[in-house]
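Residue numbers begin at 1 in each chain, while the letters A, B, ... track the order of the sequences.
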There are 2 protein chains.
Amino acid sequence: MSVAQTLDQRIREDIERNIRSGAWRPGDRIPFEHELVAEYGCARATVSKALTALSRAGLIERRRKAGSFVAHPHVQSAVLDVPDIGSVIAARGDAYRFELLKRGERKHAAGDPLEAAGAMLTIEGVHHAAGEPFGHEQRLISLAMVPQARDVDFTAEAPGSWLLGHVPWSEARHRIAAVPADARLARLLGIAPGTACLQLERWTWQLGKEVTWVRQTFPGDRYDLVAQFTPQSR
Amino acid sequence: MSVAQTLDQRIREDIERNIRSGAWRPGDRIPFEHELVAEYGCARATVSKALTALSRAGLIERRRKAGSFVAHPHVQSAVLDVPDIGSVIAARGDAYRFELLKRGERKHAAGDPLEAAGAMLTIEGVHHAAGEPFGHEQRLISLAMVPQARDVDFTAEAPGSWLLGHVPWSEARHRIAAVPADARLARLLGIAPGTACLQLERWTWQLGKEVTWVRQTFPGDRYDLVAQFTPQSR
DNA sequence: ACAAATATTATGACTAGACATAATACGGTC
DNA sequence: GACCGTATTATGTCTAGTCATAATATTTGT
């Protein structure tokens, strides 16, 4: 099967195979650490490393004194990659362009998706693939958090990829929904009003402070999200 | 801030804060393990545990001889929880019911979303919340993999939750798209034809063999997906 | 000057222990 | 038999070290 691998990986995979094959069912107790130590002839730290990994992956639950048990699956948990739009289009071999429609600056207003007070940069634009409209983007950037954004020319670079390079390693929350295109969106994207669109909203913050909010809307027939290789958890 | 925590967690969080705050930027070398050992006055295994976790989270890259470096973010990677529909509705405090529309059995046909040959169970139904239609489901189940499914009464329990309890710890691939409701779907869900719907497709397999395929469709105004707390990676 | 051989160094995996902690099982008391 | 304190036990975190491995620096040979 697989080639050279470490002992803790082998232990992990042996246990995982027993769980995924159904040989060990949810609720079953798996062997105690000291039993695995005896079986593999290794130190307890090595067994523990394997079990810690399985526990973090949600496959087992460890209980002091009682032992470790195969977890009960509850939700399907998937890792969803939300790539930069420019790179998605480039990967398909199409030319990419960001068309800046509007750019403004204003104070925080009630009902804004960004809750932090202070000055904000507002950006609206359309992503193009191979010359055709691909998706619409509405964005707010907190100027308190990213003052340099004031001096950036977003006709040359899309705000998303600029932010990725200049405000790295932030955190985010995503919301995915299906919405009909309103009249304005339909005109901008060259589609019929009411067309089903995939809408992705993302709030990004850095150390608990809001950096940017973006709402991207794509016609349903031009874009979909794929969440690959999905273990269950918890 | 936080209360009692382990030393490796503290080291991990200290480094993570430096990265997320932007103090250490992508490409920067973080302190060597032996420097962190001196700083925290602990064993190298403890520092290594923290760095291993950061590396698996995609925040740093470790290179032998060279040291460890802050990774360059590329895509937004989010953990998406796709819960069982029944529990979603129950969590909102509404009554849940699965209405079985059709149930059949047939051989594999060309173009089926499940590629494995053999007999398949076909199921169609509607999920109801508080007496109102909530979403539509079309499903195929491989009878070679789950022969017991033949004897289950899916009017009592939705196939999704039954499978979760009887074929645990499988793997899956998801696809999310926005589609307009066709005439039949519109009638079943009590919505206007063309209404924007969120469509979730899921292929599930166990140890490399296909178990089930499902396509769930929800009117856009009744359901959306939220991907929480999203670290970037790779 | 350039390439090959060698030394150095940081990470990676591991061992054989120690002590802490939480949950269970056991025993004795009322 | 119900209740409470104590002993036991499996996990959880950690130490102080070893040996291996991969990549960089340095030296050596031509």
Side-chain angles (χ1 to χ4, degrees), chain A residues 1-19 24-72 233-234, chain B residues 1-19 24-72 233-234:
Chain A
M1 282 278 159
S2 33
V3 280
Q5 54 175 356
T6 60
L7 182 54
D8 64 294
Q9 272 175 46
R10 220 187 85 208
I11 298 173
R12 197 205 133 121
E13 282 172 28
D14 286 353
I15 296 171
E16 186 162 350
R17 190 161 34 244
N18 274 307
I19 294 176
W24 296 351
R25 301 196 52 84
D28 287 0
R29 211 204 73 227
I30 73 170
F32 290 126
E33 293 191 2
H34 64 83
E35 291 173 325
L36 293 167
V37 162
E39 187 180 335
Y40 289 94
C42 65
R44 192 166 75 90
T46 306
V47 166
S48 187
K49 193 177 174 186
L51 294 190
T52 300
L54 287 166
S55 167
R56 280 224 299 238
L59 276 154
I60 63 167
E61 250 178 69
R62 303 173 82 182
R63 289 211 302 277
R64 280 181 161 111
K65 162 81 181 175
S68 297
F69 299 81
V70 179
H72 290 271
S233 79
R234 279 278 288 165
Chain B
M1 284 277 160
S2 34
V3 279
Q5 55 175 357
T6 59
L7 181 54
D8 63 279
Q9 272 175 43
R10 221 186 85 209
I11 298 173
R12 196 204 134 124
E13 281 172 28
D14 286 352
I15 295 170
E16 187 162 348
R17 191 162 33 245
N18 274 307
I19 295 174
W24 296 349
R25 300 194 53 83
D28 288 359
R29 210 205 73 226
I30 74 171
F32 291 126
E33 293 191 1
H34 64 82
E35 292 172 325
L36 292 167
V37 163
E39 188 181 335
Y40 290 93
C42 65
R44 190 166 78 89
T46 307
V47 165
S48 187
K49 192 178 174 186
L51 294 190
T52 301
L54 286 166
S55 168
R56 280 224 300 238
L59 275 153
I60 63 168
E61 250 177 68
R62 305 172 81 181
R63 288 211 303 275
R64 280 180 159 113
K65 162 79 184 178
S68 296
F69 299 81
V70 179
H72 290 269
S233 78
R234 277 287 287 169

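Checked against side-chain contact (heavy atoms from CB on, under 4.5 Å), B:Tyr40 has the following partners two or more places apart in sequence or in another chain: B:Leu7, B:Arg10, B:Ile11, B:Asp14, B:Leu36, B:Cys42. In this view, B:Arg64 satisfies the side-chain contact (heavy atoms from CB on, under 4.5 Å) rule with no residue, not counting sequence neighbours. Legend: residues meeting side-chain contact (heavy atoms from CB on, under 4.5 Å) with B:Ala66, ordered by chain and number and at least two apart, are B:Arg63, B:Phe69.
Between B:Gln5 and B:Glu13 the shortest side-chain heavy-atom distance falls below 4.5 Å. Looking only at side-chain heavy atoms (C-beta outward), A:Leu59 and A:Val70 stay at 4.5 Å or farther from each other. Taking 4.5 Å as the limit, every side-chain heavy atom of A:Val37 sits out of range of all side-chain heavy atoms of A:Thr46. Looking only at side-chain heavy atoms (C-beta outward), B:Ile30 and B:Asn18 stay at 4.5 Å or farther from each other. Two residues are said to be in side-chain contact when any heavy atoms from C-beta on lie closer than 4.5 Å; B:Leu51 and B:Ile15 meet this criterion.
Atoms CG and CZ, from A:Asp8 and A:Arg12 in turn, are 9.5 Å apart once rounded to the nearest 0.5 Å. The structure places CD of B:Glu33 at 5.0 Å from CZ of B:Arg62, a figure rounded to the nearest 0.5 Å.
In this entry the distance linking CZ of A:Arg10 with P of C:dA13 reads 15 Å, nearest Å. In this entry the distance linking CD of A:Gln9 with P of C:dC14 reads 8 Å, nearest Å. Per the geometry, CD belonging to B:Glu61 stands 11 Å off P belonging to C:dG12, to the nearest Å. Separating the CG atom of B:Leu7 from the P atom of C:dA20 is a distance of 16 Å, rounded to the nearest angstrom. The distance between atom CZ of A:Phe69 and atom P of C:dA23, rounded to the nearest whole Å, is 13 Å. Here the P atom of nucleotide C:dT11 and the NZ atom of B:Lys65 are 11 Å apart, to the nearest Å.
DNA chain D forms stems at C:1-30 with D:1-30, each a run of 3 or more consecutive Watson-Crick or G-U wobble pairs whose two key distances fall under 3.5 Å.
Taking every nucleotide of DNA chain D with any atom under 4.0 Å from a non-hydrogen atom of chain A, the first and last of them, 5' to 3', are D:dT8 to D:dT13.
Of the charged side-chain nitrogens involved, none lies within less than 4.0 Å of a carboxylate oxygen, so that B:Arg29 and B:Glu61 do not count as a salt-bridged pair.
For C:dT21, its base sits under 3.5 Å from the side chain of A:Arg64 at one donor and acceptor pair at least.
For DNA chain D, the neighbouring residues in residues 44-55 of chain B, judged by any heavy atom under 4.0 Å, are B:Ala45, B:Thr46, B:Lys49.
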